[in-house]
Amino acid sequence: ATRRPGLPCLLSLLLVLALVPAPAPASNYVGDTMDDFTLLDVDGVPVSLYDYLGDIIVVNFFATWCPGCNVEAQSLEHEIWQEYREDGVTVLSIDILEQAAVVRSWIASQGVTYRVLLAPDWNVFIRFPYAGGLPYNAIIDRQMVLRYGHTGFEPAVILQMLDELTGRSAVPVES
């Protein structure tokens, strides 16, 4: 039998590569179609981004210990979720690295009724452009195209974009 010295090395390399986890998806940019992701809500129910295909989605990343996030929660609840949900706008708020019991207590104290998901790591957060701090907000249109991503809370900008995307404003959204 002819011995091939490179074959065992090649097989070892292929085995190692098969065991290495795939890299996290690269960050998206405004104008990109978002890849789907699935996280658990505070009750342990899996929720996927694509469950809301056809809706305009405001994605909010927060933590219960973040003072700005607590102020923002009231605006998300009253000025966005309650005001725009009849227009097909969904709010998905994603807590970073906290236990469900802590987040459930925060939901009760804030009185929020929009969907709150739990991120056990930073993998979903890093998919968004300019994601460098909390709070962070993104807007995804009905075709899953990312239209906005920003660290901090810019309610006037978000409300203007929602007016445009829902047709409440006569100003067309740039493609």
Side-chain angles (χ1 to χ4, degrees), residues 21-42 44-81 83-85 87-100 102-103 106-107 110 112-166 173-175:
S27 179
N28 287 214
Y29 296 96
V30 171
D32 289 353
T33 300
M34 289 296 299
D35 294 325
D36 196 13
F37 60 80
T38 300
L39 296 170
L40 299 179
D41 72 8
V42 294
V45 176
V47 177
S48 295
L49 180 66
Y50 278 28
D51 290 346
Y52 298 95
L53 182 65
D55 286 1
I56 297 163
I57 308 164
V58 176
V59 179
N60 163 256
F61 288 92
F62 79 102
T64 63
W65 50 261
C66 163
C69 301
N70 293 323
V71 171
E72 178 185 45
Q74 294 307 305
S75 181
L76 285 169
E77 176 66 27
H78 300 290
E79 295 173 30
I80 296 173
W81 173 235
E83 181 64 29
Y84 287 89
R85 68 183 183 177
D87 294 313
V89 174
T90 294
V91 174
L92 290 181
S93 202
I94 302 172
D95 178 84
I96 303 284
L97 301 174
E98 294 184 286
Q99 297 297 316
V102 171
V103 180
W106 177 88
I107 290 168
Q110 293 291 325
V112 300
T113 60
Y114 50 79
R115 203 77 184 260
V116 179
L117 311 179
L118 303 172
D121 53 41
W122 296 95
N123 289 341
V124 171
F125 185 67
I126 62 173
R127 293 183 187 189
F128 289 84
Y130 317 114
L134 298 176
Y136 177 88
N137 293 282
I139 298 175
I140 301 168
D141 72 14
R142 297 183 196 281
Q143 290 76 43
M144 291 296 159
V145 175
L146 182 64
R147 295 297 191 145
Y148 169 87
H150 185 76
T151 298
F153 185 47
E154 299 181 311
V157 174
I158 292 171
L159 293 172
Q160 179 183 357
M161 182 162 284
L162 291 177
D163 282 346
E164 292 170 6
L165 290 170
T166 59
V173 175
E174 294 178 18
S175 295

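Below, all heavy atoms of this structure are taken into account, side chains as well, without hydrogens, waters or symmetry copies.
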Here the gap from Gln143 atom CD to Ile56 atom CD1, rounded to the nearest 0.5 Å, amounts to 9.0 Å
Would you say Leu118 and Val103 make side-chain contact, with heavy atoms under 4.5 Å? yes
Rounded to the nearest 0.5 Å, how far does CD1 of Ile96 lie from CH2 of Trp122? 5.0 Å
Worked check of side chain to side chain contact (heavy atoms under 4.5 Å, CB included) between Ile140 and Val145: CA-CA 5 Å; Ile140 301 168; Val145 175; 6.0 Å; no
State, yes or no, whether a side-chain contact exists between Leu162 and Val89 at a heavy-atom distance under 4.5 Å. yes
Identify, with sequence neighbours excluded, every residue that meets side-chain contact (heavy atoms from CB on, under 4.5 Å) alongside Trp65. Ala63, Glu98, Leu134
Leu159 side chain reached by Glu79 side chain, heavy atoms, under 4.5 Å: yes
Quick one: side-chain contact (heavy atoms from CB on, under 4.5 Å) partners of Glu154, sequence neighbours excluded? Tyr148, His150, Val157
Run the numbers on Gln110 and Glu77 for side chain to side chain donor-acceptor pair (under 3.5 Å), then give the verdict. CA-CA 9 Å; Gln110 293 291 325; Glu77 176 66 27; over 6 Å; no
Does anything in residues 44-55 pair up under salt bridge (charged side-chain N to carboxylate O under 4.0 Å, His left out), and if so which pairs, sequence neighbours excluded? none
In chain order, what residues pass the side-chain hydrogen bond (donor to acceptor under 3.5 Å, both in side chains) check against Asn70, with sequence neighbours excluded? Trp106
Any non-hydrogen side-chain atom of Phe128 less than 4.5 Å from a side-chain atom of Leu146? yes
Any residue meeting side-chain hydrogen bond (donor to acceptor under 3.5 Å, both in side chains) with Ser48, in chain and number order, not counting sequence neighbours: Thr38
Among residues two or more places apart or on two chains, list those pairs meeting salt bridge (charged side-chain N to carboxylate O under 4.0 Å, His left out) that have a residue in residues 113-123. Asp41-Arg115
4.5 Å side-chain heavy-atom contact, Leu92 and Tyr52: yes
Non-neighbouring partners of Thr166 that pass side-chain hydrogen bond (donor to acceptor under 3.5 Å, both in side chains), sequence neighbours left out: none
For Thr151, enumerate each residue passing the side-chain contact (heavy atoms from CB on, under 4.5 Å) test, keeping only those at least two apart in sequence or located in another chain. Tyr136
Are Leu49 and Met34 packed together at the side-chain level, in the sense that at least one heavy-atom pair is separated by less than 4.5 angstrom? yes
From CD1 (Ile94) to CG (Leu39), nearest 0.5 Å: 5.5 Å
Residue list, side-chain contact (heavy atoms from CB on, under 4.5 Å) with Glu83, at least two apart or on another chain: Arg168
For Glu72, the side-chain hydrogen bond (donor to acceptor under 3.5 Å, both in side chains) test, sequence neighbours excluded, returns Asn60, Asn137
Under 4.5 Å between any side-chain heavy atoms of Asp35 and Arg127, yes or no? yes
Side chains of Ile80 and Ile158: closer than 4.5 Å at any heavy-atom pair? yes
